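Since the structure comes first, as C-alpha cells, the remarks are kept for the end.
Keep in mind that this is a model prediction, so the values were computed, not measured. Numbering of ligands and ligand atoms starts at 1, following listing order.
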Amino acid sequence: MTDKNDRHSERQQKLKETVDTKIAQAQTVKGLVLVITGNGKGKSTAGFGIAARAIGHGLKCSVAQFIKGTWDCGERNLLEQHNVEFQVMKTGFTWETQNKETDTAAAQVIWQKCKSMLQDETLDVVLLDEITYMVSYNYIELAEVVEAIENRPKMQSVVITGRAAHRTLIELADTVSEIKNVKHAFDSGVKILKGIDW
Ligand code: ATP
Ligand code: MG
C-alpha cells in the first residue's frame, strides 16, 4: 500500500512539474479565436457559456445569431438583461425554405453588424453563433470573415460555433473543440425541451 502511495505521489509530482512548466511558458497575452464544431449537442451552449463567463467578470460581449430565426431563446432573454447586444437573423435562412438570394441578403445584413463588432475596441468577446453554415453556403465570403477576424482589436476574443467548420477557420483559430455525437434524445423521439435545447 505504501509502495502504491509512493508511486502515486511520484506520478502526481511529475504531472505537477509538467503543468507548472507549461504555465511558466505560456507568456502570450492576446484575445483568442475559438471554434466549437462537430455533430454533437453543446456547441452553442458552450459559446454562450463563454459569454456568461466573460460577463460575470464584468467584460463586454456581443452576440450574432445566424440561422436561429424568430424562436424564443433562453440565452438571449438572460444576456440582454446584462446589456449584451444581439444581432439575430430573423428572416432568410431556414432549413425548410432555402432561397439563396434572400438567404444571402439576410446573412449580409447581420454580417455587416458583425464587422462593426469585430472593430469595436470596447468588446471583449464576440460570439458568432452558427456562422460556419454561412461560410459553407457562400452566403458570407470566407476571405472576408478571415480578414475581419485577423484585423480585430488585439484583446478581443471571437467564438465561432456550428457544424463542419471550414478548415481555414480551424487553421485560424487558437482553440478548436469538436463535439462528438454519442447519442441524442431527439433520435429516440423525444421532443426538444425548453431550457435544455433552446
Ligand atoms: P445546443 O444549442 O443545444 O448547444 P448545438 O449548438 O451543438 O446545440 P445545433 O446544431 O446548433 O447544436 O442545433 C441546435 C438544436 O439541435 C438544439 O435544439 C439541439 O438539442 C439539437 N441538436 C444538437 N445536436 C443534435 C444531434 N446530434 N441530434 C439531434 N439534435 C441535435
Ligand atoms: Mg448551435
Side-chain angles (χ1 to χ4, degrees), residues 32-56 61-82 84-100 102-104 106-111 113-114 117-118 123 125-140 142 145-146 148-149 157-170 172-198:
L32 299 173
V33 178
L34 299 99
V35 170
I36 306 162
T37 190
N39 293 334
K41 171 177 163 58
K43 298 175 290 295
S44 296
T45 319
F48 282 110
I50 293 169
R53 183 176 274 180
I55 291 154
C61 183
S62 284
V63 177
Q65 281 181 302
F66 292 91
I67 293 185
K68 274 290 132 72
T70 47
W71 323 2
D72 195 10
C73 169
E75 298 93 326
R76 184 177 177 190
N77 295 345
L78 180 75
L79 296 181
E80 278 187 339
Q81 294 172 25
H82 292 268
V84 175
E85 179 194 325
F86 269 67
Q87 292 296 338
V88 185
M89 199 161 140
K90 293 199 179 74
T91 53
F93 195 99
T94 69
W95 298 113
E96 296 91 33
T97 64
Q98 290 186 12
N99 177 324
K100 195 164 169 56
T102 54
D103 289 352
T104 305
Q108 283 299 322
V109 170
I110 182 168
W111 173 239
K113 312 269 186 192
C114 293
M117 291 176 186
L118 293 167
L123 279 176
V125 176
V126 175
L127 170 58
L128 305 174
D129 190 35
E130 323 291 356
I131 197 174
T132 59
Y133 305 99
M134 302 300 109
V135 171
S136 307
Y137 280 73
N138 283 319
Y139 293 168
I140 303 174
L142 174 66
V145 176
V146 171
I149 291 176
S157 293
V158 181
V159 186
I160 290 171
T161 81
R163 294 180 192 207
H166 194 285
R167 79 185 134 71
T168 302
L169 295 177
I170 288 176
L172 173 75
D174 299 286
T175 297
V176 180
S177 297
E178 185 172 7
I179 301 190
K180 182 181 155 197
N181 182 42
V182 176
K183 62 159 104 166
H184 194 288
F186 188 68
D187 298 330
S188 26
V190 183
K191 277 198 172 182
I192 57 166
L193 191 63
K194 177 157 89 176
I196 300 293
D197 291 302
W198 50 285

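The pair Lys194-Asp72 does not meet the salt-bridge criterion, since no charged nitrogen lies less than 4.0 angstrom from a carboxylate oxygen.
The distance criterion of under 3.5 Å between nitrogen or oxygen atoms is met by Gly42 with respect to ligand 1. Considering backbone and side-chain N/O of Lys41, one or more are found under 3.5 Å from N/O of ligand 1.
Not a single N/O/S atom of Thr161, whether from backbone or side chain, sits less than 2.8 Å from the Mg ion (ligand 2). Backbone or side-chain N, O or S atoms of Asp129 do not reach the Mg ion (ligand 2) at under 2.8 Å.
Remark: side-chain polar atoms of Thr37 are paired, donor with acceptor, to backbone N or O of Ala164 under 3.5 angstrom. When atom types are taken as modelled, the side chain of His184 and the backbone of Phe186 share a donor-acceptor pair closer than 3.5 angstrom. Here the side chain of Thr175 pairs no donor or acceptor atom with the backbone of Leu34 at under 3.5 angstrom.
Below 30°, between 30° and 60°, or above 60°: for Tyr137 and Tyr139 the angle between ring planes is between 30° and 60°, a tilted geometry.
The 12-atom threshold is exceeded at NZ of Lys41, counting heavy atoms of other residues, nucleotides or ligands nearer than 6.0 Å.
Of all atoms in ligand 1, numbered sequentially from 1 with element shown, those under 4.0 Å from a heavy atom of Gly40 are 7 (O), 24 (N). Those atoms of ligand 1 that come under 4.0 Å of a heavy atom in Asp197, given as number and element, are 17 (C), 18 (O), 19 (C), 20 (O). Those atoms of ligand 1 with a heavy atom of Glu130 less than 4.0 angstrom away are 11 (O). The atoms of ligand 1 that sit less than 4.0 Å from any heavy atom of Asn181 are 27 (N).
The N, O or S atom of Glu130 lying closest to the Mg ion (ligand 2) is OE2.
Between Lys180 and Asn39, the closest side-chain pair of non-hydrogen atoms is not below 4.5 Å.
Taking 4.0 Å as the cut-off, Asn39 counts as a neighbour of ligand 1 on heavy-atom distance.
Taking the side chain to side chain donor-acceptor pair (under 3.5 Å) definition, one finds that Asp174 meets it with Lys30, sequence neighbours left out.
Contacts of His184 with ligand 1, taken as heavy-atom pairs under 4.0 Å, involve the side chain alone.
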